[in-house]
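In what follows, chains carry the letters A, B, and so on, assigned in the order in which the sequence lines appear, proteins first and then strands, with residues in each chain numbered from 1.
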There are 2 protein chains.
Amino acid sequence: MAEAKPEKKNDRVTIREVAEDAGVSVAAVSKVLREAYGVSESLRSKVRASMNKLNYRPLASARGMRGQTYTLGLVLPDIRNPFFADILAGVNSALERTQYQLMMGTSHSQGLAEEALVEAMIDRQMDGIIMIGTTEYMDRLGSIAKQKPLVTIGHHAETSQLFDTVNNDDQLGARLVVKHLLANGFRNIAMLSLASTTSTILSERELGYRREMIENGLGENINIIRAPQTLREVQIAARRLLEGPSKPEALFCWTDFIALEVISVATELGLRIPQDLAIVGYDNTMYCDFAQNGLTSVDQSGELLGLQSARLVIERIRGRAEAEHFVVTPRVVARSSSKRSAV
Amino acid sequence: MAEAKPEKKNDRVTIREVAEDAGVSVAAVSKVLREAYGVSESLRSKVRASMNKLNYRPLASARGMRGQTYTLGLVLPDIRNPFFADILAGVNSALERTQYQLMMGTSHSQGLAEEALVEAMIDRQMDGIIMIGTTEYMDRLGSIAKQKPLVTIGHHAETSQLFDTVNNDDQLGARLVVKHLLANGFRNIAMLSLASTTSTILSERELGYRREMIENGLGENINIIRAPQTLREVQIAARRLLEGPSKPEALFCWTDFIALEVISVATELGLRIPQDLAIVGYDNTMYCDFAQNGLTSVDQSGELLGLQSARLVIERIRGRAEAEHFVVTPRVVARSSSKRSAV
DNA sequence: CTGAAAGCGCTTACAG
DNA sequence: CTGAAAGCGCTTACAG
């Protein structure tokens, strides 16, 4: 409680002090730091010893002025969706033994525009950016990619050469849901989608749903409801559908998060699940396993998606110029919310 | 698709270009940027015009070399707990009209030590740091606070002069839970707490639970089970308790997230809620409202906590040296998981 | 293999 | 009120 403010920054060890302590030049220390070529073993060990002794940690901003900041930016549309926790686990595990540190930012949840967040990350010298479930248009993504290495998760742009994408096969995922519901005797299947003009994963899922319905002669039962992501809007849309004249036998929800809300609405309306209404989600998040939900869902390996995105963005940083597009094959994980023992 | 890499950074407008365009000095532009004193209206408007015309955005790292980066760091122990989304909403809304940008990092979820994350944020020149549910010891927090303005959420250190704290009254919250359960006819009340040697919010909640039980002559019924935060450990602990000889009538869980897991286990065991087991959580997160959970919980206004923490950390950055400790009064939000119509 | 010097884009005293 | 110069802590060519 004695010496308060003065040491606020002065206690920070700089590369110069390390150099002096080791009896070498600043440039030499920098080389050791970056694990660059052309450093003798003896110089390296001398410098390493001084670094440890002085407890030296380089200042990322200073490094960023000329080189890298060793920071990766992760853009999330909304921290509430539990699926993002799975992705994050994968990203973090990929970064574990590297020098890179992840910094996250959320956009929609508080009205902060996604574009403003990405700009903030560029201004903060992120070495690379991973965007989850972006709502940006292609030209905008291209312009971001020209400034920083970019990987998107949950956005289909497999023809893009400017950035990498990581996805599951959303069209297939939706088809598998319909197949699963049909196999369990449900034929009047509706889909609860997201009101979005730019989401390519949603258009793929809708397409898969449509096609599979049509191929099974159920084209007349196709019913896609689109609602914004807020709980209130979802609740209103679900209520309207389930109380209305065209109440379906089964409802395919675009993400677990929303499906849980539908389970809640259905329960309040006194509907039994799955007898009166089967429900299927997407993402197979941890909440699906809870007995009170028992939610059938599509597993797209969020952790794997996260892992791959980190790998790809680091490769880009290291110079890869050709785009890579990673795709996971999804699978249905059946639980009580959609299993009808007897048709 | 023509001019690819070369412009990768060259397209960035610098303060020098703005100065040239406006016909003033670089220092003058800097002053306008920082909204510093001693700039004439005419110079300011000239500079502003050039900034807009050239679409100038300052580089945070460069600013950080001498001044601030206008970046705040938020340390989360785990992105999975939905309570953090509420806090985040508050932080973001407080930052909305400021120059500050929030960057989050998670620690425990992937084995990354909290300490390493905080160091990474210091190395990246965060102007201030907000730590949620920290597990660091007091001396370590003091040492962080000496390097950067620090505010903790969910950590009791009301006597600290080195950093600010934002909390709800956890002891009271626990007392209210016991009172509520007693009023609903439950007397054999157990508590599911977190296995942690450093969490002060847990020790406060445990203390409140103990005291309220004792003051109601139920000292003999006190039963605190402590489990790590992983779903598996919670499941094992819950199973053991609910299948064992000392199965309680009611279980107070330290956070909603864990209570939802207990609802799942109880449901699997065929227990009716609340007839066979009443359950109460803490944090009053959105999942409590879902009909399949109907979870009674303690509201501690996560959004308000977040808002205050952002306010306090910015005040610290601006020079406030005396500590402030903000405390919210919690309240019980009763739902079906704990309401017994007839005793 | 090693080092001296310039420079990244800002802010900060200090003159005028 | 305005500006020239130094400097923040690194990396990057470029010599030696």
Do Val29(A) and Met51(A) make a side-chain contact, defined as non-hydrogen atoms from C-beta onward lying under 4.5 Å apart? yes
I'd like to know whether CZ of Arg16(A) has more than 12 heavy-atom contacts from other residues, nucleotides or ligands below 6.0 angstrom. no
Do Leu74(B) and Ile132(B) come within less than 4.5 Å of each other through their side chains, counting heavy atoms only? yes
For Arg12(A) and dC8(D), is the shortest distance between a side-chain N/O and OP1 or OP2 below 4.0 Å? no
Calculate the interatomic distance between Arg124(A) atom CZ and dC10(C) atom P; express it in whole Å. 13 Å
Looking at every strand, decide which applies to Arg16(A) at a 4.0 Å heavy-atom threshold: base, sugar-phosphate, or nothing. nothing
Of dC10(C), dC8(D), dG3(D), the nucleotide closest to the side chain of Thr14(B) is dC10(C)
Quick one: which of dT11(C), dT11(D), dC10(C) gets closest to the side chain of Ser30(B)? dT11(C)
Mind checking if Tyr56(A) touches a base, just sugar-phosphate, or nothing, with heavy atoms under 4.0 Å? sugar-phosphate
Would you check if Leu141(B) and Leu162(B) make a side-chain contact, meaning some heavy-atom pair closer than 4.5 Å? no
NA contact type, Val24(A), heavy-atom cut-off 4.0 Å: base, sugar-phosphate, or nothing? sugar-phosphate
Choose from dG3(D), dT11(D), dG9(C) the nucleotide whose nearest atom is closest to any side-chain atom of Ser25(B). dG3(D)
By nearest atom, which of the nucleotides dG3(C), dT11(D), dC1(D) is closest to the Arg66(A) side chain? dT11(D)
Roughly, in whole Å, what's the span from CG in Leu43(A) to P in dG3(C)? 6 Å
Leu59(B) has an atom CG; how far is it from atom P of dT11(C), in whole Å? 10 Å
Please report the distance, rounded to the nearest Å, between CG in Leu33(A) and C1' in dT12(D). 14 Å
With a 4.0 Å heavy-atom cut-off, tell me which residues in residues 44-55 of chain A come close to DNA chain D, sorted by residue number. none
Between Tyr56(A) and Glu17(A): side-chain donor-acceptor atoms closer than 3.5 Å: no
Does a side-chain heavy-atom distance below 4.5 Å link Asn167(B) with Glu158(B)? yes
Side chains of Ile122(A) and Arg12(B): closer than 4.5 Å at any heavy-atom pair? yes
Per atom distances to the Ala27(B) side chain, the nearest of dA4(D), dC10(C), dT11(D) is dA4(D)
Does Leu88(B) form a side chain to side chain contact (heavy atoms under 4.5 Å, CB included) with Leu102(B)? I'd like the steps, not just the answer. CA-CA 9 Å; Leu88(B) 181 64; Leu102(B) 189 73; 3.5 Å; yes
Would you mind reading off the distance between Gln99(B) atom CD and dT11(C) atom C1', rounded to a whole angstrom? 14 Å
Rounded to whole Å, the CD-P distance (Gln125(A) to dT11(D)) equals 13 Å
Check the distance between dT11(D)'s P and Asp127(A)'s CG and give it to me in whole angstrom. 12 Å
What integer distance in Å separates Lys31(B):NZ from dG3(D):P? 9 Å
Check side chain to side chain contact (heavy atoms under 4.5 Å, CB included) between Arg48(B) and all other residues, then give those that pass, not counting sequence neighbours. Val32(B), Glu35(B), Arg44(B)
Can you check whether Ser40(A) has a side-chain N or O nearer than 4.0 Å to OP1 or OP2 of dT2(C)? yes
What I'd like to find out is whether the side chain of Thr134(A) reaches to under 4.5 Å of the side chain of Glu114(A), using heavy atoms alone. yes
Taking both distances under 3.5 Å as the test for a Watson-Crick or G-U pair, what stems of at least three pairs does DNA chain D have? C:1-3 with D:14-16, C:5-12 with D:5-12, C:14-16 with D:1-3
